[in-house]
Amino acid sequence: LACADAAMYRAKRGDGTGYCLHDTDTATLKPVPSSPLPLPPLSASLPRGPDALLDQLQGRVAVRRHTLEAGHTIHHAGQPFTSLFLLGDGSATLTRPAADGHAERVEVRSRGDWLGLDGIATGRHAWHARAAGPGEVLSVDFAAVLRLARDEPPLALLLMEAMARQLARSAALETDDLPAAAPESG
């Protein structure tokens, strides 16, 4: 763990790759640095940005369009995860239920944002996603996306980019929710 922390800080300073992968020397039980894993290059022909994943999926997996009205549920917290959703138009609110049943937190997503990524890790959605007003959402079967990504690594990278954008947005919101530091007394 210390090695991973050190690698992360070196990468932030621009002194390293952020990788800290080790094998173990069985004679001394000391870690032996191994070379970083090579990342497959993104094809120059692949589009970049929020719509890039959808562009690559259309025509290769079933993409279903759903018209949304205000309050329409896109997915429920606790619901089994099977699909990813892309807001084609409009906006959606994400709420996570607290122990007392009330909404613990609210986030807003808008056109071009992916919904449902929260279900990948556990197989169930952690958030309620509801349309904030009229709009459109596109849904794709996640199993079909995985099959396609297995055969085409650049597509897997586009999926990771979509997840990273959502994670960064959520982390920024969490930082904004933190109380301001009290002024230091001098």
Side-chain angles (χ1 to χ4, degrees), residues 1 4-5 7-9 11-12 18 47-58 61-150 155-183:
L1 194 54
D5 286 343
M8 178 184 67
Y9 290 115
K12 283 183 177 181
R48 303 302 296 265
D51 293 334
L53 181 57
L54 179 64
D55 292 344
Q56 292 300 304
L57 294 175
Q58 285 185 330
V61 298
V63 177
R64 291 181 230 65
R65 295 183 181 278
H66 308 275
T67 301
L68 300 173
E69 298 299 327
H72 178 98
T73 297
I74 299 167
H75 62 74
H76 292 286
Q79 174 182 338
F81 168 75
T82 58
S83 298
L84 293 175
F85 304 92
L86 176 70
L87 278 170
D89 193 23
S91 61
T93 57
L94 300 178
T95 57
R96 184 170 50 208
D100 65 3
H102 291 88
E104 178 180 285
R105 176 147 175 209
V106 176
E107 292 187 16
V108 177
R109 297 286 187 251
S110 57
R111 184 193 181 289
D113 286 341
W114 285 91
L115 306 172
L117 295 170
D118 61 314
I120 293 173
T122 64
R124 295 200 174 274
H125 292 286
W127 296 80
H128 292 294
R130 287 191 181 83
E136 177 183 67
V137 69
L138 305 152
S139 66
V140 293
D141 178 68
F142 188 64
V145 172
L146 281 182
R147 283 190 297 274
L148 188 58
R150 178 190 61 216
L155 183 72
L157 290 174
L158 291 175
L159 178 59
M160 285 186 253
E161 280 183 4
M163 291 186 291
R165 273 192 299 280
Q166 179 174 318
L167 186 62
R169 187 175 308 112
S170 293
L173 288 172
E174 284 180 18
T175 302
D176 290 345
D177 289 344
L178 294 175

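Each residue takes its place number in the sequence, starting with 1.
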> Could you state the interatomic distance from NE2 (H75) to CG (L84), rounded to the nearest 0.5 Å?
Replying inline: 9.5 Å

>> Can you confirm whether D89 sits close enough to L68 that some side-chain heavy atom of one is under 4.5 Å from a side-chain heavy atom of the other?
In response: no

> Can you tell me how far the OG1 atom of T93 sits from the CZ atom of R109, to the nearest 0.5 Å?
Replying inline: 11.0 Å

> So which pairs with a foot in residues 132-146 pass side chain to side chain donor-acceptor pair (under 3.5 Å), sequence neighbours left out?
Replying inline: R64-S139, R65-E136, H66-S139

>> Minimum heavy-atom separation for A92 and L115, please, with both atom names.
In response: CB-CD1, 4.1 Å

> What residues form a ring pair (Phe, Tyr, Trp, His ring centres under 6.0 Å) with H72, not counting sequence neighbours?
Replying inline: none

>> Nearest 0.5 Å, please: how far is CG in L117 from CH2 in W127?
In response: 12.5 Å

> According to the salt bridge (charged side-chain N to carboxylate O under 4.0 Å, His left out) rule, which pairs have a member within residues 116-135, sequence neighbours left out?
Replying inline: none

> What distance do L155 atom CG and L148 atom CG have between them, rounded to the nearest 0.5 Å?
Replying inline: 5.0 Å

>> Return the CG to OG distance between L86 and S83, rounded to the nearest 0.5 Å.
In response: 12.5 Å

>> When you measure from the side chain of H76 to the backbone of H125, do you find a donor-acceptor pair of N or O atoms at a distance under 3.5 Å?
In response: no

>> Quick one, W114 and L159 - any side-chain contact, counting heavy atoms below 4.5 Å?
In response: no

